[in-house]
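Model, not experiment: these values are computed from the prediction. Atom set for the values below is all heavy atoms of this structure, side chains included, hydrogens, waters and symmetry mates excluded. Letters go in sequence order (proteins before strands), and every chain restarts at 1.
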Number of protein chains: 2
Amino acid sequence: MQAIIDTKAQIRSVAQNLFRERGFTATSMRDLADSLDIKAASLYYHVKSKEDILQEICFRIADDFFKAIEQIDFNTKNADELLQEAISTHVKVIIDNLDAAAVFFHEWRHLSQPHLTKFITLRKKYERFFTKILKQGIATKTFGNIDVKFTVLTIFSTINWVYEYYKPSGKMTPNEISRNLSNMILHGISTKKKIV
Amino acid sequence: MQAIIDTKAQIRSVAQNLFRERGFTATSMRDLADSLDIKAASLYYHVKSKEDILQEICFRIADDFFKAIEQIDFNTKNADELLQEAISTHVKVIIDNLDAAAVFFHEWRHLSQPHLTKFITLRKKYERFFTKILKQGIATKTFGNIDVKFTVLTIFSTINWVYEYYKPSGKMTPNEISRNLSNMILHGISTKKKIV
DNA sequence: CCTACCGATCGGTAGG
DNA sequence: CCTACCGATCGGTAGG
């Protein structure tokens, strides 16, 4: 049994990398098999289909995102602290799974139904954690009078792109990246006061 | 001649849409032909190859981005005004070419050499406009002591995602979106003062 | 995990 | 812009 599990994990690992580099559609089962030094037909002993692999990648990391954010205690902190913590855990999941994150953000649309709908539903559910933080922050005047939906989308655009430029060999640590992103989202880059 | 030009523009228009929806690799020449009510072989009278279409889409909108940003007068304005204007023209190009922008941001990696290198070089050149604005703003203390490279990347992540959520039928106008994005990037969402 | 193979589809060409 | 077609490659199966 152990061998099967390992092989499946290996397939996923190689697939994450190739799906990221070339895209899901442009990666063939033969490409995958070549990287694993087996024949394409042998892959089907471990996975049901090519899309089966994509599903596993997408929903595994979705699960990581939920597990991380659900550990945040939403009752004992201010909205700005909550937001910083949410950003930090989100960024950590991405950085710990760079290939999977890239696939998650780019290739999910190749999921077939009903998985596609399930995926979109999960994403909306996840967004609600951030919506909640923003609404709380507006209510307590911690945040300005912002458009919640627009701001949630903008926060995600800002923090999701991390997988694109983060390099483990780079000079910025994951914590520094999280801090800088939180800082930009909370305070911006200007030294001047906001004109409202 | 006019007919040929129109047909080529039609091919590009349909291709932008399909490449966006399904991705470059997952869109076949037969898909394109079907949408145009012609046969796949007939496409080759107008275009050299499938990638030829991708190249046109990517480099045309790249040109739009440059034309727009080159019209900004970099000498008579403060860094914060410059940044607002750069963001605004950038967002306008995206909103005026939603399909092409989506292809530009997602499918460029399917370009072959030497076009891929040319594309990346152009993108770096374009980023330099923003680098210049940030450096000027830091020098004049308009911006805080930020990491320039990181901030340029973060600004692009924040503003590029517009193509994903902008809907012409939505309640926010392009100008409002630009203003909100500039506001977030310059001042953030917090009402508190920045703690340095 | 392999060999052998299938039907479908791909990008593209020849020739009109 | 069409018909007719090509070699290559695709995801996947049968049977071991």
Can you pull every protein N or O that's under 3.5 Å from an N or O on nucleotides 3-10 of chain D?
{"from": "D:dC10", "atom 1": "OP1", "to": "A:Ser28", "atom 2": "OG", "distance (Å)": "3.4"}

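- Applying the salt bridge (charged side-chain N to carboxylate O under 4.0 Å, His left out) criterion to B:Glu107, with sequence neighbours excluded, gives A:Arg109.
- Sequence neighbours left out, the pairs with a member in residues 119-135 of chain B that pass side chain to side chain donor-acceptor pair (under 3.5 Å) are B:His90-B:Tyr126.
- At whole-Å resolution of the value, OH in A:Tyr44 and C1' in D:dG12 are 5 Å apart.
- Below 30°, between 30° and 60°, or above 60°: for B:Phe65 and B:Phe104 the angle between ring planes is between 30° and 60°, a tilted geometry.
- Secondary-structure stems of DNA chain D, taken as three or more successive Watson-Crick or G-U wobble pairs (i with j, i+1 with j-1) under a 3.5 Å distance threshold, comprise C:1-16 with D:1-16.
- Rounded to whole angstrom, the span from the CZ atom of B:Phe19 across to the C1' atom of C:dG11 amounts to 12 Å.
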Test salt bridge (charged side-chain N to carboxylate O under 4.0 Å, His left out) on A:Asp63 and A:Lys67 and set out the steps. CA-CA 6 Å; A:Asp63 200 51; A:Lys67 274 188 187 138; 3.0 Å; yes

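- Whole-Å rounding puts the A:Leu18 CG to D:dG11 P distance at 12 Å.
- A:Glu51 places its CD atom 12 Å from the C1' atom of D:dG11, with the value rounded to the nearest Å.
- Between the B:Thr191 side chain and the A:Lys141 main chain, a donor and an acceptor come within less than 3.5 Å of each other.
- The separation between A:Lys48 atom NZ and D:dG11 atom P is 17 Å, rounded to whole Å.
- Residue pairs that meet the salt bridge (charged side-chain N to carboxylate O under 4.0 Å, His left out) test with at least one member in residues 142-170 of chain A, sequence neighbours left out, are A:Asp147-B:Lys171.
- The aromatic rings of A:Phe24 and A:Phe19 lie perpendicular to each other, with more than 60° between the two planes, well past the 30° mark.
- Closest to the side chain of B:Ser49, out of C:dG12, C:dC1, D:dC1, is C:dG12.
- Atom C1' of nucleotide D:dC1 and atom CG of B:Asp6 are separated by 16 Å, given to the nearest angstrom.
- Looking at residues two or more places apart in sequence or on another chain, you find a side-chain contact (heavy atoms from CB on, under 4.5 Å) between A:Thr158 and A:Thr154, A:Leu181, A:Ile185, B:Thr154, B:Thr158.
- Between B:Ile138 and B:Val148, the shortest heavy-atom distance links the atoms CD1-CG2, 3.6 Å.
- The interatomic distance linking B:Leu36 (CG) with D:dC2 (P) rounds to 10 Å, in whole Å.
- Nucleotide C:dT13 holds its C1' atom 16 Å from the NE2 atom of B:His46, rounded to whole Å.
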